[in-house]
Amino acid sequence: MTLLSVNVNKVAVLRNSRGGFDPDPVHAAQVAIASGCHGITVHPRPDQRHIRVEDVARIGAVLDGVEYNLEGNPFAPARGSYPGFVELVRSVRPAQATLVPDGDGQITSDHGFDLHRDADRLRPLIAELKALGCRVSLFMDAGTAGIERAADIGADRIELYTGPFAQAFAAGDAARELAACVASAGQARAAGLGVNAGHDLNQHNLGALVRAIPFLDEVSIGHALFGEALYEGLAATVGNYLAILKGD
Ligand SMILES: CC(=O)[C@@H](O)[C@H](O)COP(=O)(O)O
Ligand SMILES: NCC(=O)COP(=O)(O)O
């Protein structure tokens with residue numbers, strides 16, 4: 001069964017909007033874990049627009065045995081109290097580090113790595129993160145040629161960027177983007193890589209993705225999940241996602 005990692009970034013957005021302590025992403029993580037999710041994901045960004053450096057350790061302290069997935073751009077420089085992605089990984093030793101080539105000016109993640117450009121500088125970073133005990137996943141666009149190179153430079157998994165698939169699904173025309181996801185997942189698997197997926201997944205489009213790629217290891221979902229939880233409640237929403245992943 002494909003595992004569910006709940007991304008709590010958006011709880012921190014709401015908390016930061018008033019400058020206080022609530023809603024606390026730690027509490028959201030605890031409720032998601034109690035509801036049966038298999039992991040928690042955070043994406044601390046150098047501008048700390050949502051998850052802050054102190055949240056990373058606080059969330060890491062309440063995982064209660066589920067996996068911690070830390071996302072970030074390993075090339076982004078330290079800024080203020082943000083120590084840099086590798087230093088954050090060193091401090092909390094998450095089960096998985098997902099490398100995402102985001103620039104600070106982006107409103108959200110919107111592309112994966114270009115391994116023709118980035119492979120040589122990713123290789124030593126991946127080795128350093130693996131030496132810290134992490135599984136390393138690379139955020140990759142579906143349909144990328146040469147996706148198997150991720151294995152050559154030491155990555156354990158790729159994470160398929162599913163934003164284009166989600167957009168096409170919402171427009172009622174997902175076939176081409178879904179086929180790209182299926183093809184890239186198959187190439188990655190054939191290269192010995194694990195396959196994760198994430199970005200803009202929701203209760204409407206997730207079933208089609210996991211039926212098309214039944215060997216997906218993990219999906220990480222946050223934005224839509226917390227939007228839906230506003231109306232359904234967090235525990236029930238997590239339960240809905242688990243039911244979709246179980247094929248209910
Ligand atoms: C890599 C990815 O697609 C998401 O995990 C990312 O965390 C979204 O970032 P925001 O929550 O800042 O939009
Ligand atoms: N890696 C994807 C993730 O963690 C959450 O993405 P989204 O569901 O917030 O778009």
Side-chain angles (χ1 to χ4, degrees), residues 2-17 23 25 28-29 32 37-53 55-56 59 66-76 82 85 88 94-113 135-142 144 155 157-170 177 181 184-185 194-206 209-210 216-230 234 237-238 240-241 244-245:
T2 302
L3 303 184
L4 172 65
S5 186
V6 172
N7 183 314
V8 296
N9 290 354
K10 294 304 173 319
V11 181
V13 168
L14 189 54
R15 175 199 58 193
N16 295 359
S17 69
C37 77
H38 307 99
I40 295 296
T41 293
V42 294
H43 191 150
R45 296 176 179 273
D47 61 12
Q48 300 189 61
R49 66 185 72 166
H50 40 54
I51 293 294
R52 294 177 174 146
V53 170
D55 295 327
V56 174
I59 291 166
V66 305
E67 282 208 350
Y68 203 8
N69 177 36
L70 203 61
E71 298 186 333
N73 182 345
F75 304 128
Y82 180 84
F85 182 72
L88 273 180
Q96 180 172 264
T98 299
L99 310 188
V100 187
D102 284 355
D104 250 4
Q106 294 175 216
I107 190 173
T108 188
S109 307
D110 61 13
H111 65 280
F113 281 102
R135 174 193 319 127
V136 177
S137 178
L138 298 184
F139 197 61
M140 301 293 294
D141 295 324
T144 299
R157 295 190 184 175
I158 62 158
E159 175 176 339
L160 287 174
Y161 168 45
T162 50
F165 158 72
Q167 189 173 4
F169 188 93
E177 292 298 341
C181 289
S184 292
V195 184
N196 295 343
H199 203 88
D200 283 340
L201 294 174
N202 60 39
Q203 290 183 55
H204 302 296
N205 61 31
L206 179 60
L209 184 76
V210 294
L216 268 183
D217 290 292
E218 174 187 280
V219 290
S220 43
I221 305 175
H223 187 89
L225 187 151
F226 281 98
E228 292 154 357
L230 288 173
L234 180 54
T237 302
V238 171
N240 291 347
Y241 278 96
I244 293 167
L245 294 173

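Ligands are counted one by one from 1 in listed order, and the atoms in each one are counted from 1 as well.
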Open item on the list: Check this for me - ligand 2, K10, N or O atoms closer than 3.5 angstrom, yes or no?
Closed with: no
Which residue owns the protein heavy atom closest to [atom], what's the atom, and how far is it?
| atom | value |
| --- | --- |
| atom 8 (O) of ligand 2 | G222 N, 2.8 Å |
| atom 9 (O) of ligand 2 | H223 N, 2.8 Å |
| atom 3 (O) of ligand 1 | H199 ND1, 2.6 Å |
| atom 11 (O) of ligand 1 | K10 NZ, 2.6 Å |
| atom 10 (O) of ligand 2 | D200 N, 2.8 Å |
| atom 1 (C) of ligand 1 | S109 OG, 3.3 Å |
| atom 1 (N) of ligand 2 | E159 OE2, 2.5 Å |
| atom 4 (O) of ligand 2 | N7 ND2, 2.8 Å |
| atom 9 (O) of ligand 1 | R45 NH2, 2.9 Å |
| atom 6 (O) of ligand 2 | H199 CA, 3.7 Å |

- [ ] Quick one: do L160 and V195 satisfy side-chain contact (heavy atoms from CB on, under 4.5 Å)? Show the steps, please.
- [x] CA-CA 7 Å; L160 287 174; V195 184; 4.1 Å; yes
Open item on the list: Which residue in the set I221, L225, T237 passes side-chain contact (heavy atoms from CB on, under 4.5 Å) when paired with V6?
Closed with: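 The option that passes is L225.
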- [ ] Pick out which of L70, N69, I59 makes a side-chain contact (heavy atoms from CB on, under 4.5 Å) with I40.
- [x] I59
Task: Heavy-atom proximity to atom 5 (O) of ligand 1, best of H43, H50, E71 - done: E71
Task: R49 near ligand 1 by a heavy-atom separation under 4.0 Å - done: no
TODO: Work out whether the distance between some heavy atom of E159 and some atom of ligand 1 is less than 4.0 Å.
DONE: no
Open item on the list: For H223, is the NE2 atom crowded, meaning more than 12 foreign heavy atoms sit under 6.0 Å from it?
Closed with: no
TODO: Heavy-atom contacts with T108 under 4.0 Å: which atoms of ligand 1 show up? List them by number with element.
DONE: 8 (C), 9 (O), 10 (P), 13 (O)
Task: ligand 1 atoms in contact with N9 (distance to a heavy atom under 4.0 Å) - done: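 In order of numbering, the contacting atoms are 7 (O), 9 (O), 10 (P), 11 (O), 12 (O).
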Open item on the list: Quick check on contacts: which atoms of ligand 2 are under 4.0 angstrom from a heavy atom of T41?
Closed with: 4 (O)
Open item on the list: Only heavy atoms of G198, strictly under 4.0 Å: list the atoms of ligand 2 that pass.
Closed with: 2 (C)
What pair of heavy atoms forms the shortest contact from [X] to [Y], and how long is it?
| X | Y | value |
| --- | --- | --- |
| S184 | I158 | O-CD1, 4.4 Å |
| Y241 | Q203 | OH-N, 3.2 Å |
| A224 | N202 | CB-CB, 3.5 Å |

- [ ] Using the side-chain contact (heavy atoms from CB on, under 4.5 Å) rule, take E71 and S137 through it: C-alpha gap first, then chi angles, then the decisive distance, then the call.
- [x] CA-CA 9 Å; E71 298 186 333; S137 178; over 6 Å; no
Task: Of N9, D104, D102, N73, the residue whose pairing with R45 passes side chain to side chain donor-acceptor pair (under 3.5 Å) - done: D102
Task: Under-4.0 Å heavy-atom contact with ligand 1, by part of N7 that carries it - done: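 Within the 4.0 Å criterion, N7 contacts ligand 1 through side-chain atoms alone.
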Task: Part of F139 within contact of ligand 1 (heavy atoms, under 4.0 Å) - done: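 The part of F139 near ligand 1 is the side chain, not the backbone.
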TODO: Report the relative orientation of the aromatic rings in Y161 and H199; use parallel for angles under 30°, tilted for 30 to 60°, perpendicular for over 60°.
DONE: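 Judged by the thresholds at 30° and 60°, the geometry between Y161 and H199 is perpendicular.
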- [ ] Any chance you could lay out the side-chain contact (heavy atoms from CB on, under 4.5 Å) test for S220 and E159, step after step, and finish with the verdict?
- [x] CA-CA 9 Å; S220 43; E159 175 176 339; 3.5 Å; yes
Open item on the list: Between D55 and R15 (salt bridge meaning N to carboxylate O under 4.0 Å), is one present in this structure?
Closed with: yes
- [ ] Compute the minimum heavy-atom distance from E71 to ligand 2 and say whether it is under 4.0 Å.
- [x] yes
TODO: Could you please spell out the steps behind the side-chain hydrogen bond (donor to acceptor under 3.5 Å, both in side chains) verdict for E218 and Q96?
DONE: CA-CA 11 Å; E218 174 187 280; Q96 180 172 264; 3.0 Å; yes
